[in-house]
Amino acid sequence: MTTTTPQVNPVNPVNPVNPVNPVLRTPPASPAAAAAYFSASLAFHADVSDVASALAEARATGGDPGFVVLDSRSTASWDQGHVPGAVHLPTALIAEQAEQLLDKDVPVVTYCWGPGCNGATRAALALAELGFQVKEMLGGFEYWAREGFAYETWEGPAQQAADPLTAPVDSEDCGC
């Protein structure tokens, strides 16, 4: 009976027996680096559900959510559907109009179409360069609608059922 000593994988000392898989080909960051990264990510991004919850709470209490939502898309896109109460300011007009429409003391949450569009990122950059506090709403209008939140169109209010791939169907809270 022979015994085999597992070979140490010099590329992946965390898992010395198995070869490196695509997930661990680049080792995870240290806990301190990960905490710094994820903390920064939360400083730059807001989740659709969190934005909707804050806006709903402010409406219910007659309060102020403490931020303004900005739709950075074209007028045709705005007319197709937008977050209720959002300010419409296409990215191309931010340098010219932002200081007339927005208060630099109030954080701005930008959005565009969705994850495949970086318009909200470009809008957030333009606003930050003008001195505004800004976050980007992850998922954009696409995920706002897909998660079942009410929106407005040129024809009036609209809403669709929540997509079960993006939001729980039997609860208003995803538990995140």
Side-chain angles (χ1 to χ4, degrees), residues 37-176:
Y37 172 84
F38 292 116
S39 178
S41 180
L42 291 170
F44 297 116
H45 301 109
D47 179 84
V48 165
S49 294
D50 292 341
V51 172
S53 175
L55 293 174
E57 184 178 330
R59 272 193 309 276
T61 63
D64 181 346
F67 61 89
V68 64
V69 178
L70 185 139
D71 185 317
S72 65
R73 301 172 302 147
S74 69
T75 299
S77 298
W78 167 268
D79 289 346
Q80 192 172 328
H82 58 271
V83 173
V87 172
H88 182 227
L89 182 58
T91 302
L93 300 176
I94 287 175
E96 177 184 328
Q97 297 180 9
E99 292 183 350
Q100 290 83 32
L101 296 174
L102 303 169
D103 180 346
K104 286 188 177 179
D105 293 328
V106 179
V108 179
V109 176
T110 64
Y111 75 89
C112 60
W113 270 114
C117 176
N118 66 1
T121 305
R122 288 193 309 272
L125 173 59
L127 289 164
E129 288 175 339
L130 291 173
F132 288 90
Q133 301 170 70
V134 64
K135 287 189 172 203
E136 179 181 5
M137 184 173 79
L138 297 174
F141 180 72
E142 175 189 348
Y143 275 72
W144 183 273
R146 288 181 71 189
E147 289 190 23
F149 300 117
Y151 56 94
E152 297 173 348
T153 73
W154 68 274
E155 295 175 310
Q159 189 169 8
Q160 60 189 37
D163 179 338
L165 294 176
T166 66
V169 294
D170 58 355
S171 170
E172 290 191 22
D173 182 7
C174 69
C176 295

Legend entry - Aromatic plane relationship, W78 with H88 - under 30° parallel, 30 to 60° tilted, over 60° perpendicular: parallel
Legend entry - Expected output: side-chain T166 to main-chain R146 donor-acceptor under 3.5 Å: yes
Legend entry - Contact summary for I94 and L127, nearest pair of heavy atoms: CG2-CD2, 3.7 Å
Inset, instruction - Check whether the side chains of T121 and E136 place a donor and an acceptor atom closer than 3.5 Å, and report yes or no. - result: yes
Inset, instruction - Identify the two heavy atoms, one from P65 and one from L55, that lie closest to each other, and give their separation to 0.1 Å. - result: CG-CD2, 3.9 Å
Legend entry - V51 vs V83, side-chain contact (heavy atoms from CB on, under 4.5 Å): CA-CA, chis, key distance, verdict: CA-CA 10 Å; V51 172; V83 173; 5.6 Å; no
Inset, instruction - First locate atom CD of E152, then atom CD of Q80, and finally report the distance between them rounded to the nearest 0.5 Å. - result: 15.0 Å
Legend entry - Exercise: identify the closest heavy-atom pair between A54 and F67: CB-CE2, 3.7 Å
Inset, instruction - Can you measure from OG1 (T75) to CH2 (W154) and round to the nearest 0.5 angstrom? - result: 14.5 Å
Inset, instruction - Quick one: pull up OG in S49 and OH in Y143 and give me the separation to the nearest 0.5 Å. - result: 11.5 Å
Legend entry - Spacing of K135 atom NZ and L42 atom CG [to the nearest 0.5 Å]: 6.5 Å
Legend entry - L130 side, atom CG; L102 side, atom CG - distance, nearest 0.5 Å: 9.5 Å
Legend entry - Nearest heavy atoms of A162 and E147, plus distance in Å: CB-O, 3.6 Å
Legend entry - E57 atom CD, over 12 foreign heavy atoms within 6.0 Å: no
Legend entry - CZ-CG distance between R59 and D64, expressed to the nearest 0.5 angstrom: 12.5 Å
Inset, instruction - Check whether any side-chain heavy atom of Y111 lies under 4.5 Å from a side-chain heavy atom of C117, and answer yes or no. - result: no
Legend entry - Heavy-atom side-chain proximity of H82 to W144 below 4.5 angstrom: no
Legend entry - Closest non-hydrogen atom pair between A46 and V109, with its separation: CB-CG1, 4.4 Å
